[in-house]
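Sequence lines set the chain letters: A, B, ... in the order given, protein chains first and strands last, and positions in each chain run from 1. Just so you know, these numbers come straight off a predicted model, no measurement behind them.
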Amino acid sequence: MTDAVVRFAPSPTGYLHLGSARTGLYNYIYARQHGGTLILRIEDTDPSRSTDEAIAQILSSLKEMGIDWDEGPGVPGPHGPYRQTERADIYREYVDRLLASGHLYPCFCTAEELEAERQAAQAEKRNWVYSGKCRRLGADEVERRRAAGEPRTLRFKVPPGKTVFDDMIREPVEVDNDLIGDFIVQRSDGTIVYNLAVVVDDVTMDVTHVIRGDDHISNTPKQILIYEALGAPVPKFLHMPLLFGTDRKKLSKRHGATKLEQLTAQGLLVEVVRSYLCFLSTEFDESMITWTLEDLTRDFDVERLSPSPSIFDPDKLRWMNGRFIRQMGDEKLGERLVAYLTRVGFYGDPAAVEKAAAEGPQALAAAVESAETAHQPATAPTAEQAKLTKVVAPLVREKVDVLADFIPMAGFFFRPLAFTDEARQRLAGTDGAAATLARAAAGLRAVEPWSVESIEALVRGLPARLELKPKAVFAALRLGMSGQSVTPGLFESLWALGRDEAAARLEQAATLAG
RNA sequence: GCCCCCAUCGUCUAGCGGCCUAGGACACCGGCCUUUCAAGCCGGCAGCACGGAUUCGAAUUCCGUUGGGGGCACCA
């Protein structure tokens with residue numbers, strides 16, 4: 001099959017929600033896998049809730065994930081335009097067609113009347129469907145009320161019977177048409193209602209496969225009825241499970257992150273988020289963590305998605321990210337760290353960002369987000385900072401899950417030595433700290449060559465010489481070098497600091513300990 | 001209230017009538033390794049929502065129930 005046409009149709013009422021991102025991804029994968037076409041359509045029929053800024057944001061999120069489209073904003077094609085607000089003429093034409101074929105009828109019921117009907121149904125604990133009152137209006141009465149200028153909507157005549165449709169990952173769904181009730185397709189102000197707009201769009205865009213969230217399942221019968229009224233072929237449907245938080249509620253801000261940018265601000269890598277989103281609701285093994293977009297389009301089968309809800313598990317994402325980082329090359333990791341640290345403002349004020357990061361990646365991401373919405377430019381690293389980051393990168397690879405973990409772990413490389421009260425106490429409580437620090441500093445000043453190996457030899461010889469336990473020596477040096485008790489490897493860290501800096505720090509700490 | 005979807009460890013899942021005293025992964029717990037913290041390796045805890053039915057045999061099929069979710073708009 002080479003003629004699959006799929007579409008991704010976000011509504012630009014805000015940023016791209018992770019759930020939508022996933023829908024976009026699956027559409028992309030499906031299109032690429034089947035040599036088909038991906039159309040990006042903007043569902044902005046509600047202009048009051050849609051903004052150009054939101055559109056721009058959504059496009060940029062998609063691009064960040066590597067998703068591109070064959071037709072849509074910025075990519076003209078035979079099925080344009082791609083914003084619903086620009087398609088009013090097309091809708092009008094189809095409304096006329098349906099009107100002419102007798103599938104639509106005018107309804108003069110007011111919102112108040114309908115509300116009253118609804119209330120009555122509610123009171124009797126009946127399911128409410130529109131009574132079809134106006135469907136039975138005589139032609140002359142319709143003409144009279146129309147001439148009198150009464151506002152009217154257009155309703156779709158739902159035929160009797162059942163509507164059945166298949167789903168690529170679910171059991172077939174069957175709905176009794178009586179339960180649907182004649183629904184409005186055109187508002188009294190002449191604008192078109194969603195269900196009609198989608199179908200007209202999908203029909204005119206030759207869409208063959210509709211991949212969307214399962215919250216659309218209950219709309220589907222209505223839409224199928226419209227396809228049938230239009231005499232258009234019904235596409236295949238795939239309703240994917242919704243993305244939930246750990247409390248089994250739709251993923252929302254309470255769960256921490258709802259958009260890609262928040263995740264990346266925490267130091268998650270886009271490609272890992274992408275894999276996670278894909279493999280959630282499927283079985284995967286570790287080797288798939290590093291799958292590229294190309295791998296996904298070749299080997300990922302959208303149809304093996306499980307239909308049950310997907311719960312977003314931040315722990316698993318972190319773990320995947322850690323695995324990914326561990327297999328990255330030095331250079332790659334260094335580059336990603338530089339880019340990330342730049343974004344979070346680390347190079348402008350390391351100490352401040354370190355402080356923010358101390359509360360965890362989420363808090364840091366929140367700070368980053370507010371800085372970004374305020375359009376504060378990030379400070380680029382100096383050549384020295386960039387170089388240092390790349391030198392330190394390999395030292396932290398085994399110890400970080402997300403890039404943000406770099407900051408509390410290795411921030412000390414980038415600013416003057418500082419001690420918290422706790423660190424001071426710890427240093428004071430370490431046996432022979434002053435002697436260890438002084439001795440090590442002197443040793444470092446003289447050791448040749450300046451290499452990890454010779455530093456290791458020097459340090460390892462210290463416990464015997466000072467008649468101290470190895471643990472005490474290591475603890476004193478670690479603390480003296482960084483002010484922290486958790487750091488990357490000691491020898492490597494001393495080496496990365498450089499001879500003068502390392503020795504100077506230990507000397508400074510020695511006076512403190514003494 | 002009505003309609004629809006979903007249902008295996010806390011979470012993501014394997015399983016598609018016998019290979020299941022239900023397998024893997026995250027998380028959690030313990031051990032090993034070790035200069036800290038991790039990583040890595042090894043081990044452990046933990047599940048077929050419930051009740052009927054079909055069958056020689058059911059996690060797997062059918063029917064109920066329960067639970068969770070979604071929808072019932074002149075929202076998308």
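Atom CG in A:L305 sits about 16 Å away from atom C1' in B:A14, given to the nearest Å. Atoms CZ (A:F312) and P (B:C26) sit 17 Å apart, rounded to a whole Å. Rounded to a whole Å, the CE atom of A:M240 is 18 Å from the P atom of B:C5. Look at CZ on A:F284: it is 9 Å from P on B:C26, rounded to the nearest Å. Atom CZ of A:R304 is separated from atom P of B:G15 by 10 Å (rounded to the nearest Å). For A:I289 and B:C12, the CD1 to C1' distance is 13 Å, given to the nearest whole Å. When rounded to the nearest whole Å, the span between CD of A:Q186 and P of B:C74 equals 14 Å. A straight line from CZ of A:R170 to C1' of B:C4 spans 10 Å, rounded to a whole angstrom.
Between B:U54 and B:G70, the distance separating the two P atoms is 38 Å to the nearest Å. B:U60 and B:A53: their P atoms are spaced 14 Å apart (whole Å). Here, B:G18 and B:C62 have their P atoms 16 Å apart, quoted to the whole Å.
A donor-acceptor pair under 3.5 Å is absent between the side-chain atoms of A:D214 and the main chain of A:H239, judged by distance alone. Distance alone, capped at 3.5 Å, places no donor-acceptor pair between the A:R41 side chain and the A:Y82 backbone.
At B:U13, one or more side-chain N or O atoms of A:S306 fall inside 4.0 Å of OP1 or OP2 (strictly under the cut-off). The phosphate of B:G69 (OP1 or OP2) has a side-chain N or O of A:K249 nearer than 4.0 angstrom.
Nucleotide B:C37: unpaired (no Watson-Crick or G-U wobble partner with both distances less than 3.5 Å). Nucleotide B:U11 forms a Watson-Crick or G-U wobble pair with B:A25, both donor-acceptor distances falling under 3.5 Å.
Atom CG of A:L333 and atom CD of A:Q327 lie 10.0 Å apart (nearest 0.5 Å).
Relative to the side chain of A:I217, the nucleotides B:C74, B:C5, B:G70 differ in distance, and B:C5 lies closest. When distances are taken from the side chain of A:D315 to each of B:C12, B:G71, B:C26, the shortest belongs to B:C26. When the nucleotides B:C12, B:A76, B:A73 are ranked by their closest atom to the side chain of A:R118, B:A73 comes out on top. You'll find that the side chain of A:R248 is closest to B:G68, out of B:C74, B:G68, B:C6.
Residues A:T191 and A:V175 both approach RNA chain B. Their nearest nucleotides, taken by heavy-atom distance, put A:V175 toward the 5′ side. Residues A:K316 and A:D313 both approach RNA chain B. Their nearest nucleotides, taken by heavy-atom distance, put A:D313 toward the 5′ side.
The residue A:S308 sits close only to the backbone: its heavy atoms come under 4.0 Å of sugar-phosphate atoms, none of a base. Contact annotation for A:H239: no contact, since no heavy-atom pair falls under 4.0 Å across all strands. Contact annotation for A:D285: no contact, since no heavy-atom pair falls under 4.0 Å across all strands.
Taking only distance into account, the side chain of A:S281 never meets the base of B:C12 through a donor-acceptor pair shorter than 3.5 Å.
Below 30°, between 30° and 60°, or above 60°: for A:F279 and A:W291 the angle between ring planes is above 60°, a perpendicular geometry.
Using a 3.5 Å distance cut-off with no hydrogens or angles, the side chains of A:T436 and A:R465 do not pair a donor with an acceptor.
Tested against A:R7 for a side chain to side chain donor-acceptor pair (under 3.5 Å), the candidates A:N27, A:D201, A:D202 yield a single pass: A:D202.
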Walk along nucleotides 35-41 of chain B from 5' to 3' and tag each nucleotide B, S or - by protein heavy-atom contact under 4.0 Å, base first, then sugar-phosphate. BBBBSS-

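By the 6.0 Å and 45° rule, A:R155 stacks over the aromatic ring of A:Y130.
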Stepwise, does the side-chain contact (heavy atoms from CB on, under 4.5 Å) test hold for A:M240 with A:I211? CA-CA 7 Å; A:M240 26 178 288; A:I211 301 172; 4.2 Å; yes

